[in-house]
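Here is how names work: the chains are called A, B, and so on, in the same order as the sequence lines, proteins then strands, and each is numbered from 1.
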Number of protein chains: 2
Amino acid sequence: MVTIAAPRLIDRLRSQRTQAPEGDLFDPDCPTRLVLDRIGDKWTALVVLLLSDGPMRFSELRGQLGRIAPKVLTQTLRRMERDGLLTREVFAEVPPRVQYTLTDLGHSLSGPLAAIGDWAEANVGRITAAQTAYDAVPGN
Amino acid sequence: MVTIAAPRLIDRLRSQRTQAPEGDLFDPDCPTRLVLDRIGDKWTALVVLLLSDGPMRFSELRGQLGRIAPKVLTQTLRRMERDGLLTREVFAEVPPRVQYTLTDLGHSLSGPLAAIGDWAEANVGRITAAQTAYDAVPGN
DNA sequence: GTACTCAGTATCCATTGGTTACTGTCGGCA
DNA sequence: TGCCGACAGTAACCAATGGATACTGAGTAC
């Protein structure tokens, strides 16, 4: 479980309604938004969850992630490396071996992400039910 | 049908390495993945956080979200309505008024999402530092 | 010398997100 | 009577991201 010193976002949110937005999550120019955009891309969250169990190599990740295109996996991993979420080690062997390991920063993210994952698994049923109900209405 | 007596995702993850992937998050055909993709789109998370404080109308959301295109906001809200995360009420007034309210399902998501938001705010500094460090290396 | 492994690139195409302009209704104003 | 503005969107078009498939390069096994 990751303990976080910052004031809770939700409290910021409350006060932020009335005052000028300054350095907050909802300012599109705030770097925090960039962080959210990053986590919210298609694969980053899954990679963090996979690596939270230990280092993996490229082809292992590729296998676990289902149908990810290698180009996209490379992009994702490079971005994550740049963001300090993981490290990339190349072993000078043949065939080549490249190992990806979560940093402390990456590990600190896996807790919150796992919570989202749990929420998703716990609520798929309700969501698909809501979808079929919605689609059953002629107007929609 | 989706069985939902979910053990913690992270535990699943541990065991899942050795056994056949079946109904798990990393199977691209599992509906849970679709849920993650949805939450992981560009705006849904922000909308949930904004609405967790109470109902808002279209133009309020638009204002708070910075520079979101109206088309994209409409798409996002319709999808969320379809997924049962929020309800949409139209008041037959002039000028028209449309109010968006989180459902219980939506509220249940705001906790985990706020944790992610808190993480982001707490770690922007480390991330941007990692980025500049990465970019300072000539090879990258 | 051919085949195979791994970790990617290169090339091209599909889907999503974004920008700008426009619609429809009605009340207020001149 | 005609025009303006508010609100909640659509319509049409363009940019960026994601995805599928084929190919590269080094060296070891056959």
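For the OP1/OP2 pair of C:dG8 and a distance below 4.0 Å, the side-chain nitrogens and oxygens of A:T74 include no atom meeting the criterion. Side-chain N/O atoms of B:R38 include none lying less than 4.0 angstrom from OP1 or OP2 on C:dT16. Note on A:R78: a side-chain N or O is less than 4.0 Å away from OP1 or OP2 of C:dT9. Proximity of A:K42 to the phosphate of C:dT15: no side-chain N or O atom is located under 4.0 Å from OP1 or OP2. For the OP1/OP2 pair of C:dG18 and a distance below 4.0 Å, the side-chain nitrogens and oxygens of B:R67 include no atom meeting the criterion. Here A:W43 does not reach the OP1 or OP2 of D:dT17: none of its side-chain N or O atoms lies under 4.0 Å away.
Looking at every heavy atom in both residues, A:R62 comes nearest to A:P70 through NH1-CD, 3.6 Å. Listed here is the closest heavy atom pair of A:A120 and B:V35: CB-CG1, 3.7 Å.
Rounded to whole Å, atom P of C:dG8 lies 14 Å from atom CG of A:L65. Atom CZ of A:R33 and atom P of C:dG17 are 14 Å apart (whole Å). For the pair A:R97 CZ and C:dA7 C1', the computed distance is 13 Å after rounding to whole Å. Atom pair B:D41:CG and C:dT16:P shows a separation of 11 Å (rounding to whole Å applied). B:L73 has its CG atom 11 Å from the P atom of C:dG18, to the nearest Å. Nucleotide C:dA10 holds its C1' atom 12 Å from the CD atom of A:Q75, rounded to whole Å. We find that CE of A:M56 is positioned 15 Å from C1' of C:dA7, with the value rounded to whole Å. Per the geometry, CG belonging to B:L77 stands 11 Å off P belonging to D:dA8, to the nearest Å.
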_A:W119 and B:L105: CA distance, side-chain angles, deciding distance, side chain to side chain contact (heavy atoms under 4.5 Å, CB included) verdict_ = CA-CA 10 Å; A:W119 183 92; B:L105 189 61; 3.9 Å; yes
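In this structure, A:P95 and A:R62 both approach DNA chain D, and ranking their closest nucleotides by distance from the 5' end singles out A:R62.
Nucleic acid contact class of A:V98 (heavy atoms, under 4.0 Å, all strands): sugar-phosphate only. Residue A:F91 is out of contact with every strand shown, counting any heavy-atom pair closer than 4.0 Å.
Closest to the side chain of A:P96, out of D:dA8, C:dG18, D:dG25, is D:dG25. Listed nucleotides: D:dA22, D:dC7, C:dA7. Nearest to the side chain of A:P70: D:dA22. Listed candidates were D:dA26, D:dG9, C:dC6. Nearest to the side chain of B:Y100 is D:dG9. Counting only heavy atoms from C-beta on, A:F58 has its side chain closest to C:dA7 among D:dG18, C:dC26, C:dA7. Here the side chain of A:R57 is nearest to one of C:dA7, C:dG8, D:dA8, namely C:dA7.
There is a side-chain donor-acceptor pair under 3.5 Å between B:D41 and B:T44.
No side-chain heavy atom of B:R88 sits less than 4.5 Å from a side-chain heavy atom of B:F58.
Between the side chain of B:K71 and the base of D:dG9 there is no donor-acceptor pair of N/O atoms closer than 3.5 Å.
Environment of CG in B:D104: sparse, with no more than 12 heavy atoms of neighbouring residues, nucleotides or ligands closer than 6.0 Å.
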